[in-house]
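In what follows, a single structure is set out as C-alpha cells and then discussed.
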Amino acid sequence: MQLPESLTQFSQPVIQVMNESQALNHWSESQLSQLQYVAGLSQFVGEALSTDEALQQQLPEMLSHDSRHEQYRERLSALLSECHDEMQGHRVLRQFRNREMVYIAWRDFTASWALEESLEHLSQLAEAMIFETYQWQYKQCCDLWGTPTNELGEAQPMLIIGMGKLGGGELNFSSDIDLIFTYPENGETQGARRSIANAQFFTRLGQRIIKALDQQTFDGFCYRVDMRLRPFGDSGPLVMSYAALEDYYQEQGRDWERYAMIKARVMGREMYPEYQELRQMLRPFVFRRYIDFSAIQSLRRMKSMISSEVRRRGLSNNIKLGAGGIREIEFIAQVFQLIRGGREPSLRQRGLLNTLDAIEELEQLTAAETQQLRNAYKFLRRLENLLQAMADKQTQTLPETDTEQLQLAIAMGYSDWLSLRQDITQHMQNVHSVFADLIGDDEEEQQDIAKHFVELWDMAAKKDVIEHILEHDIQAQEPAQMATTIIQFKQDLAKKTLGPRGREVLNHLMPKIFSAIYSHKDAQFGLPRVLHLLHRIVTRTTYLELLDEHSAALTQLVRLCTASPMISEQLGRYPILLDELIDPQQLYNPIPLESYRTELRDFLARIPEDDMEQQMEALRQFKQICILRIAAADIAGVLPVMKVSDHLTYLAEAIVESVVGQAWLQIAEKYGEPTHLKDRDGKGFAVIGYGKVGGWELGYNSDLDIVFMHDCPVHAYTDGKKEIDGRQFYLRLAQRIIHIFSTRTASGILYEVDTRLRPSGASGLLVSPTEAFDEYQHNEAWTWEHQALVRARMIYGDEPLQQAFAKTRHAVLTLPREEAKLKQEVADMRVKMRDHLGGKKAGRFMLKQDPGGITDVEFLAQYLVLRFSHDKPKLTRWSDNVRIFETMMSQGVLEEEQAMALTHAYTTMRDQIHHRNLLNLDADVAEDKLVPERECVQKIWHAWFDTND
C-alpha cells in the first residue's frame, strides 16, 4: 500500500495530532503504515482520529478483529443502559457509530475484506443502532405513558421495517435509512396514571427514535432517517397497525411500493416471529400469483423518470443513477422478482447477489450476463463505498478534482485515474447492454395513436364527421356538444399567429391530446378545460414541444385539468407551472412539511437580495408551484384534507417568514435597526395568525388573518443614517409587509391579507406593542375577540414575543366568565354572523353558515374553551378545532361520543369545501346531503345553548 507523495500532506497533520497525544505508542509498525495510507485517502478517518482521543487508543485493538458486527448490539445496549437522559444517549449513539464506521472505512481502504463483509458490517451496525435505540426508548416511553397492550392485555411491540439497501443487508457507507413503523394491534397503554391509545404511544416512540438517530448535535448525527416509503408518504401517519397496513397495500398500494417491499426486513432478530404474520399478509401485494409482465412497463416508466431527473439535474458521472449504474442492476433483478416471484420462491430473496444467482439457475439470463452483472455490482458498490468514505458524504457522483480522483483511484487499487475511469465505463456499458435488452431504452416508447384521434383533428372543420367519430369510434358522451367545442377551438386558433413550427408541433400533439382526454371517464369535463388551456399557451411553441416530447407531462396535464378547473385555470394563467408536470414522482409528492422554509430559501437564493421585483415574483411562483403539487396530491388521493391544510399552512408560514425578512432588509437599509435589539437575537417583531392560518386549516383560496406585534420600548430609536422612532420603524415594517403581500405582479398577488382583528380593528394601531395588546385583551376586547383568540397562534416571531403572546392568550382565555352572559353573547354573535354572511340558496345547504354547519362547530369550540378554561387550563393549548375537541374529551368537558361526532362533522364538511374549491364551486351542497352530521351538530349546539335559533 503505497501512498503517492502528493497525498501524504493529508495524513501528516493527523499523525502529528496523534503523536502529541502519545496515542501512537500503542500502534504497531504495520498499523502506522496503514494509518499514513488511510488518512491520506479519507478525510473522514483523519478528522475522526484527530478529534477522538478514545478512538486513537482503541483502534489498534479494534483492527485486530476480522469481524465486529456480532458484538454491536450487546455493546451498544450496555452503553445505553447507563444513559440517564436523551442528550447522553444521543452522544453515545453518535460516538459508537463514528468509531465503528472508522473501523469499516479502514478495512475498505486497506482492501482487507470482501465487499460482502463491508456491506454486512454497515447493515448490522445500522440495525443495531436502530433496534437498541428502540429498546432504550421503548422502556422510557413505557415509564412515561404505560405499556401499550391489545384487548387481551398483551404488551404490544413496535416493529421497525428496514427498506431498500438496509432491508437487503446491502447498506452503503453514507446511506439514508428507509424505515416503516408498525404495530400488531390497536389498544391502550396500561400501568400509567392516564392511558393513551397505542397509536399515540407508538407515534411518540417513533418520533423519539427518529430524533435520536437523525438529529444533528455537537457529535454529528447517526443516520438520515427517511420515512417517505410508509403508506401515504410524508402525509400519512408515522405508525400504522398491521390491519391498516394491509388495507392500504391492498386498496392503494402502487407499483413502486411493490418494488420497495421486496427488500423489507424487520429490525431485531427477536422480532422475526412477530414479523412473519405481517409478511404473510403483504406477500400477495408484492408477489403476484400469476406471471406479471406489467412490471416491465412500470419499471421502464420509473427508469424514464430517473433518466429525466439525471438529465434535469445534470447528474453525469453518477455511478448509481447513470446509464449502466447500480440502479439499473437493481431494476434488472427486480424485473424477474416481480414477474416470477409469485411462482418461484428462490426469487423472493432480499439480497441482490443472491437474486442474480437465482436468475442464473432459472436460466432467465445467460451465465455470461449474470457474471457481468455480478462483477459490475461488486465493482460499483465498492467504488461507491470508498467514494462516500472519503468524507462521509452521501454521493454517487465521481469526483472532479485531480486530488480526489487520485485518492479514489489509489483506494481502488489503480495507479492513475484514467485506468480506473476506463474500467468504470466498461462495467457500466456491460450493465446497460443487459438493461436495454430486457427493459428497453430510457426514453418512453412512442405509443401508436389510434387513427380516429388523428382524424378527429384533421376533420375538425366538419361537424357531422366529428360527431360520427366521437359517437361511433370513441363512444364519447354528449358528442354534439363536444364537436362544437373542438370546432370552436380550431376556429379560434385561426386568429392566432402560430408560425410554421408551432403549427407543425400542434398537429403532431393534438391526436395525443385527444387520446389522453378520452382515456378518462370524465372526458366531457376534461375536453373544454384542456382546450381552453391550450388556447392560452398555443403561441408559446416551447410549451407545446414540452407536452409533445414528454408524454408523462401530457398525461398529468389532462388528468389534473379533468379533475380540477382551478388547476387548469392556474396552468393557463401561469404556464411556467407546466415544467412541474414533467416529473410525476415530484408532482405528486409535495415538499415535506418541515422543509418549506429551507426549500423557499434555496428557491430565492438565486436572486439578488436587492432585486425586490424579482424576489416578489419568485415568492409568487414558489407558492403556485407548491399549491399545484399539493392539489395534485390531493386529487390523487394521497393527501387527506387535514394534511392538505397542514401543507397550505406550513407553506404560508414559510412565505410569511420570507416576506418579513425582505421587508426588514428594505426598511433597515433606510433607517437602520431599533437599538433595543443590540444585545439579542431576532427582530423584536411577531406575526400572529388568526382564523384558518391560526388553526392550521388553510384552504386553497384562504386569506391570511394576521396581527403584528413588537416589544420595542417607547424611547428606542433606529441606528441608521436616517434615525426614526423605533415604534415608527415597526409601523413602516408592517406597511412594507402588507405591500409585498398585496402588490400584483405578473404572477398575481401573494395572499389577501386581513389585519382587522388587531386591537380596535381598522381604527387601531397596525402594530401593537406587547403590553398594549395584553391590556386591550384584558380590558377592552369584546367576547367575539376572545373567541378569535382561541384560534390564534404566533406564526412568526422570536422567543420573548412568543412568551409574551402565549402568556396573554393563556391568561385571557382562562379568565373566569359568567356562564349565562357568555352563552348569550356567543349565541348573539352567531345569529349576527349568519344574518350578515349567510346568503341562502334554495334547496342548498351552505356548508359554513347554515345551522349545523362549520361555523356552528367553530363557535361551539370557542364557547367551550372560554367557558371551561378557568378550571381546565389545558384547553388553551391548541388553536385548531380537532385538537381542541380531543383535549375537551380528555379533560371531561365533552363525552367521547360528542367530541368524535363534532370532529367527524367538521372534517367531513371541510373535505367538501376543499374539493368544491378544486372544482371552482361555491361552498354549498344539496339540501339532502350531510343530514346526519348537521343534525348532530345542531343537537349538541342546543344541548349547550338551549336556544332555537
Does the side chain of [X] pick up a donor-acceptor pair with the side chain of [Y] at under 3.5 Å?
X	Y	answer
Y103	R107	yes
N318	Q396	no
Y650	E594	no
T149	Q156	no

Note to self: I need the minimum non-hydrogen distance between S118 and N385, along with the two atoms involved.
What the structure shows: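 In terms of heavy atoms, the two residues are closest at OG-ND2, 3.2 Å.
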Notebook entry, point to check: Minimum heavy-atom separation for A652 to L698, with atom names?
Noted result: CB-CD1, 3.5 Å
Residues two or more places apart in sequence or in another chain: which of them pass side chain to side chain donor-acceptor pair (under 3.5 Å) with [X]?
X	result
E47	Q43
E70	S67
Q388	none

Check: Quick one: are the ring centres of Y272 and Y275 less than 6.0 Å apart?
Finding: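 That pair fails the under 6.0 Å test.
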Roughly how far apart are [X] [atom1] and [Y] [atom2], rounded to 0.5 Å?
X	Y	atom1	atom2	answer
L383	L387	CG	CG	6.0 Å
L604	E599	CG	CD	11.5 Å
L119	R382	CG	CZ	11.5 Å
D392	S42	CG	OG	8.5 Å
L651	D646	CG	CG	12.0 Å
R877	K874	CZ	NZ	9.5 Å

For [Y], does its backbone N or O pair with a side-chain atom of [X] as donor and acceptor, under 3.5 Å?
X	Y	result
S658	A654	no
T110	W106	yes
E657	R597	no
T903	V882	no
E117	A114	yes
R793	V693	yes
R73	A128	no
S123	L171	yes
S64	E61	yes

Next item on the list: Tell me, please, which residues at least two apart from R350 pass salt bridge (charged side-chain N to carboxylate O under 4.0 Å, His left out).
Entry: none
Item checked: Listed partners of R279 passing salt bridge (charged side-chain N to carboxylate O under 4.0 Å, His left out), at least two apart -> none
Notebook entry, point to check: Does the ring of W136 carry R208 above it, NZ/CZ under 6.0 angstrom from centre and within 45° of its axis?
Noted result: no
Checklist line | Geometric cation-pi criterion, R193 with W145: 6.0 Å, 45° | finding: no
Would you say that [X] contacts [Y] through its side chain, given a criterion of any heavy-atom pair below 4.5 Å between the two side chains?
X	Y	answer
S890	T887	yes
V266	M271	yes
Y242	M281	yes
L159	E274	yes

Margin query: Tell me which pairs pass ring-ring contact (aromatic ring centres under 6.0 Å, His included) where either residue lies in residues 57-102, with sequence neighbours left out.
Written below: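 Of all non-adjacent pairs touching residues 57-102, those that pass ring-ring contact (aromatic ring centres under 6.0 Å, His included) are H69-H121.
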Margin query: For residues 41-64, which residue pairs pass the ring-ring contact (aromatic ring centres under 6.0 Å, His included) check, not counting sequence neighbours?
Written below: F44-F173
List the atom pairs, with distances to 0.1 Å, where a side-chain N or O of residues 74-81 and a protein N or O form a donor-acceptor pair under 3.5 Å, not counting sequence neighbours.
unit_1, atom_1, unit_2, atom_2, d
R75, NH1, E100, OE2, 3.4
R75, NH2, E100, OE2, 2.6
S81, OG, A78, O, 2.6

Notebook entry, point to check: Is K165 salt-bridged to E384, going by a charged N under 4.0 Å from an acidic O?
Noted result: no
Notebook entry, point to check: Does a salt bridge link E330 with K320, judged by any charged N lying under 4.0 Å from a carboxylate O?
Noted result: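 Between K320 and E330 there is no salt bridge, as every charged N stays at least 4.0 Å from the carboxylate O atoms.
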Using atom types as modelled, flag every donor-acceptor pair under 3.5 Å from a side chain in residues 221-233 to any protein atom, sequence neighbours excluded.
unit_1, atom_1, unit_2, atom_2, d
Y223, OH, A126, N, 3.4
R224, NE, D176, OD1, 2.8
R224, NE, Q394, OE1, 3.3
R224, NH2, S174, O, 2.8
R224, NH2, S174, OG, 3.3
D226, OD1, R228, N, 2.9
D226, OD1, R228, NE, 3.0
D226, OD2, R228, NE, 3.3
D226, OD2, R228, NH2, 2.7
R230, NE, G233, O, 3.3
R230, NE, G236, O, 3.4
R230, NE, P237, O, 3.0
R230, NH1, M227, O, 3.1
R230, NH2, G233, O, 3.3
R230, NH2, D234, O, 3.1
R230, NH2, G236, O, 3.0

Margin query: Would L59 and L35 count as a side-chain contact (heavy atoms from CB on, under 4.5 Å) here? Give the steps.
Written below: CA-CA 10 Å; L59 189 56; L35 171 64; over 6 Å; no
Next item on the list: Evaluate side-chain contact (heavy atoms from CB on, under 4.5 Å) for L205 paired with V239, printing each intermediate quantity in order.
Entry: CA-CA 9 Å; L205 171 61; V239 194; over 6 Å; no
Notebook entry, point to check: Going through the checks in order, is the side-chain contact (heavy atoms from CB on, under 4.5 Å) test met by E188 and F201?
Noted result: CA-CA 8 Å; E188 291 190 338; F201 175 94; over 6 Å; no
Item checked: Sole residue of R99, R97, R91 in salt bridge (Lys or Arg N to Asp or Glu O under 4.0 Å) with D52 -> R99
N/O donor to acceptor pairs below 3.5 angstrom from side-chain atoms of residues 178-186, sequence neighbours left out:
unit_1, atom_1, unit_2, atom_2, d
T182, OG1, M240, O, 2.7
Y183, OH, N186, OD1, 2.6
E185, OE2, N150, ND2, 3.2

Item checked: side chain to side chain contact (heavy atoms under 4.5 Å, CB included) partners of T217, counting only residues at least two apart -> R94, Q215, D219
Next item on the list: Under the side chain to side chain contact (heavy atoms under 4.5 Å, CB included) rule, collect the residues that match up with H26, sequence neighbours excluded.
Entry: Q57
Check: Going through the checks in order, is the side-chain contact (heavy atoms from CB on, under 4.5 Å) test met by Q250 and F285?
Finding: CA-CA 7 Å; Q250 281 186 359; F285 166 66; 6.0 Å; no
